[in-house]
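Below: the structure, in structure tokens.
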Amino acid sequence: MNKGKAFSFLDSQNKSPKPKTLSFAFEGLSFAVTTTKCGCATANQTPIGDDVFSVTSSSSSDFDYLGESTKGDLNLNLDHIHSLAVDGQSTLEGPIEEVAWMEAEEAENLLRDLGIPNPSSSRYSPRGIFCTRTLNLRSISAIGYDMDYTLMHYNVMAWEGRAYDYCMDNLRKVGFPVDGLAFDPDLVIRGLVIDKEKGNLVKADRFGYVKRAMHGTKMLSTRAVSEIYGRELVDLRKESKWEFLNTLFSVSEAVAYMQMVDRLDDGTITAELGPLDYKGLYKALYLEILFIRLLVLVMYAPFFNFQCGFQAVGRALFRAHVEGQLKSEIMSKPELFVEPDPELPLALLDQKEAGKKLLLITNSDYHYTNKMMQHSFDRYLPNNMGWRDLFDIVIVSARKPEFFQMAQPMYEVVTNEGLMRPCFKAETGGLYSGGSAQMVESSLNIHGDEILYVGDHIYTDVSQSKVHLRWRTALICRELEDEYSALIHSRVHRESLIELINQKEVVGDLFNQLRLALQRRTKGRPAQTLAATNMEDQDLTESMQKLLIVMQRLDTKIATMLEADGELFNKRWGFLSRAGLWDKSHIMRQIEKYADIYTSRVSNFLHYTPFMYFRSQEQSLAHDSYNHTMLNGSATMDNHQ
């Protein structure tokens with residue numbers, strides 16, 4: 001393939017007899033070529049490797065037309081244009097539209113011949129990486145990763161199921177009626193919100209309006225939802241009322257709570273346990289679920305309000321039991337809880353070899369992290385590499401989100417047994433406990449948007465790293481794969497539903513016009529047009545009656561189809577990212593606000609490259625109907641003229 005056809009000189013018209021440095025650019029590649037009078041580059045040999053290319057440094061970087069840094073872009077340093085394998089400068093000339101079209105076609109052919117999937121095909125698959133804010137991966141100097149549900153994906157039924165079982169055992173021992181209850185992961189999905197005052201679980205749209213709701217384990221009717229929440233919006237800032245389920249670790253908590261709401265309602269929770277309302281019940285369950293997490297992973301310690309929790313149930317009577325069994329159970333049999341991903345270590349290896357500094361920043365403790373990372377990584381790495389060889393800095397017990405918010409003491413882990421000593425600066429290859437993001441930036445001399453952080457928790461990982469540090473962010477949401485597939489299989493259903501809605505709109509428009517004509521007639525005024533004014537009373541009435549019957553039947557059909565929309569993903573709650581047919585869910589709004597890119601798993605980076613330029617897609621607006629007007633309304637506009 002003639003690569004020269006892809007490039008356009010910025011100074012191709014210069015006719016100076018002296019050697020001239022010409023600059024041109026294509027897809028983040030900046031080129032500087034020295035030419036002579038004839039316009040051909042001069043060289044004695046064709047350079048290769050580092051003699052040909054250099055990388056744009058931070059000090060010499062600029063910003064491209066999308067506002068992204070050009071740091072990390074590749075530069076071509078040549079004394080002779082012959083090394084481009086083109087016949088002089090002439091082949092680089094011509095309209096860029098034609099050059100780009102030919103080059104794109106040849107690029108697709110070459111990718112196909114090489115057996116390399118086109119990155120554009122990955123964007124249209126469940127394993128795609130989806131972009132909400134343009135991100136030049138070349139300009140990223142360091143990539144930080146969370147561990148749990150990010151670098152390693154737990155089997156939800158196994159992990160959350162065991163957490164649920166231990167919670168139920170503890171509640172049973174202090175007198176809660178839990179017999180007959182079982183873990184049901186389909187009862188909830190990520191992105192729902194618990195109303196702790198009313199004992200409800202709700203799904204809100206991007207504005208905070210509640211679209212679906214469940215009391216206990218029973219779904220509420222549309223009428224009931226309107227009566228309860230018609231004048232109230234979900235506001236996550238009111239933490240005393242709302243609890244956002246923004247991670248898969250929330251599943252067991254929500255399932256247990258909704259089941260116990262049923263028991264509270266039917267009176268099976270006895271008075272001996274104390275005067276519990278829905279909020280007090282949540283505190284009781286929160287204590288048990290959270291305490292299990294603290295002992296196993298030290299996950300959410302910053303959120304824990306011990307004073308409130310201990311007032312409810314048990315006062316952690318079974319700490320030793322939980323710590324001794326669940327933690328040892330996971331570490332002794334990780335294969336029962338962790339889903340393997342052989343592509344994951346290779347994706348990180350590509351990033352490391354591309355010059356990215358890789359960081360592991362997890363709230364899990366050292367022993368748990370080491371055991372689980374060995375299980376998930378070491379067997380898939382080449383050349384006897386271990387998981388530690390991938391990462392420039394490893395930080396355990398990070399205590400996110402405070403890790404991103406404030407300075408904290410940092411300790412170096414110096415022995416395999418976890419012995420630690422205080423330190424004040426992280427070194428490459430080091431293993432640390434605690435500390436802060438500012439210390440990481442200082443140690444690496446890398447700051448702000450030069451760092452990409454990847455995690456599964458919208459608040460702890462994504463929101464706080466962006467708000468406080470302006471790091472670039474990526475959210476891992478495994479459910480995207482199931483949702484994407486469900487959307488594909490729901491295409492016919494959704495198209496039929498939209499067609500019915502469109503028909504209802506047309507019929508409704510005519511009905512409303514006839515209704516207005518009737519209204520004016522009863523007031524002794526003419527209708528909108530002469531023809532409408534001259535309609536017979538009987539024709540007007542009969543037309544309205546027929547249209548009303550049609551609309552009522554359409555309403556019944558549409559309501560049934562709307563209720564079923566998304567049931568291939570979850571029968572109760574529909575799609576994770578949607579609230580209703582067209583609107584976005586509350587969690588989708590959070591993702592768009594805080595995550596620059598989002599995807600189902602970290603190994604999806606393997607289908608792209610460490611040099612990928614992710615571009616956000618056009619965002620549609622309500623008044624974008626002007627496109628339809630411009631395409632189809634020109635004749636009408638001409639007639640009016």
Side-chain angles (χ1 to χ4, degrees), residues 3-14 16 19-35 41 47 49-81 83-84 86 89 92-97 99-100 103-104 107 119 129 131-144 350-357 441-442 444-453 465-466 469-474 595-597 605 608-619:
K3 292 289 186 181
K5 292 190 293 185
F7 308 123
S8 174
F9 274 89
L10 302 180
D11 194 12
S12 61
Q13 301 303 314
N14 188 283
S16 172
K20 177 66 176 178
T21 299
L22 305 180
S23 299
F24 54 99
F26 180 75
E27 278 294 316
L29 300 174
S30 302
F31 303 87
V33 182
T34 303
T35 66
D50 293 338
D51 294 329
V52 180
F53 301 111
S54 64
V55 179
T56 303
S57 64
S58 297
S59 60
S60 60
S61 65
D62 201 347
F63 294 91
D64 64 18
Y65 53 84
L66 293 179
E68 292 295 305
S69 172
T70 60
K71 176 183 176 294
D73 285 357
L74 206 60
N75 304 297
L76 179 58
N77 303 319
L78 290 179
D79 293 327
H80 296 277
I81 199 170
S83 62
L84 286 174
V86 301
Q89 178 180 336
L92 299 177
E93 297 177 336
I96 186 58
E97 295 85 357
V99 174
E103 178 64 19
I129 297 178
C131 181
T132 63
R133 180 190 172 202
T134 297
L135 171 64
N136 181 5
L137 206 56
R138 296 188 291 270
S139 69
I140 297 297
S141 300
I143 305 178
D350 278 347
Q351 294 172 354
K352 184 176 183 64
E353 292 175 346
K356 314 293 185 188
K357 295 185 180 298
E441 289 185 332
S442 177
L444 296 175
N445 194 27
I446 300 173
H447 305 276
D449 59 7
E450 292 183 279
I451 303 175
L452 172 69
Y453 190 70
S465 60
K466 177 173 288 294
L469 300 159
R470 291 297 184 264
W471 286 8
R472 305 307 299 271
T473 53
D596 298 320
I597 55 176
F605 279 106
Y608 298 79
T609 71
F611 321 109
M612 184 68 186
Y613 195 115
F614 293 101
R615 292 180 178 85
S616 60
Q617 301 300 304
E618 179 184 5
Q619 303 297 304

Open item on the list: Between Asp449 and Arg470, does any NZ, NE, NH1 or NH2 come within less than 4.0 Å of an OD or OE carboxylate oxygen?
Closed with: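 A salt bridge is absent here (no side-chain N lies under 4.0 Å from a carboxylate O).
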
Locate the shortest heavy-atom distance separating [X] from [Y]; write the atom from each residue and the value.
{"X": "Glu441", "Y": "Ile451", "answer": "CG-CD1, 3.9 Å"}
{"X": "Ala142", "Y": "Leu444", "answer": "CB-CD1, 4.5 Å"}
{"X": "Ser442", "Y": "His447", "answer": "N-CE1, 4.3 Å"}
{"X": "Tyr65", "Y": "Arg615", "answer": "OH-NH2, 3.9 Å"}
{"X": "Lys356", "Y": "Ile140", "answer": "NZ-O, 2.8 Å"}
{"X": "Ser141", "Y": "Ile446", "answer": "CB-CD1, 3.7 Å"}

Indicate yes or no: at least one non-hydrogen side-chain atom of [X] is less than 4.5 angstrom from one of [Y].
{"X": "Ser139", "Y": "Arg472", "result": "no"}
{"X": "Phe611", "Y": "Leu74", "result": "no"}
{"X": "Ser61", "Y": "Thr70", "result": "yes"}
{"X": "Leu469", "Y": "Tyr453", "result": "no"}
{"X": "Asp64", "Y": "Asp73", "result": "no"}

When rounded to the nearest 0.5 angstrom, what distance separates [atom1] in [X] from [atom2] in [Y]?
{"X": "Asp62", "Y": "Lys71", "atom1": "CG", "atom2": "NZ", "result": "14.5 Å"}
{"X": "Leu137", "Y": "Glu68", "atom1": "CG", "atom2": "CD", "result": "10.5 Å"}
{"X": "Ile96", "Y": "Glu103", "atom1": "CD1", "atom2": "CD", "result": "9.5 Å"}

TODO: Please step through side chain to side chain contact (heavy atoms under 4.5 Å, CB included) for the pair Thr132 and Ser616, ending with a clear verdict.
DONE: CA-CA 5 Å; Thr132 63; Ser616 60; 5.8 Å; no

TODO: Quick one: sort the Tyr608 and Phe614 rings into parallel, tilted or perpendicular, breaks at 30° and 60°.
DONE: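 Tilted, since the angle between the ring planes falls between 30° and 60°.
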
Open item on the list: Whether the Thr56 and Asn75 side chains hold a donor-acceptor pair (N or O, under 3.5 Å, no angle test) is what I'd like checked.
Closed with: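 Per modelled atom types, Thr56 and Asn75 side chains form a pair under 3.5 Å.
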
Open item on the list: Treating Thr473 as the side-chain partner and Asp596 as the backbone partner, does any N or O pair qualify as donor plus acceptor under 3.5 Å?
Closed with: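 Here the side-chain-to-backbone pair exists.
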
Open item on the list: Has Glu353 got a side-chain atom pairing as donor or acceptor with Gln351's backbone, closer than 3.5 angstrom?
Closed with: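 Not a single qualifying donor-acceptor pair exists.
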
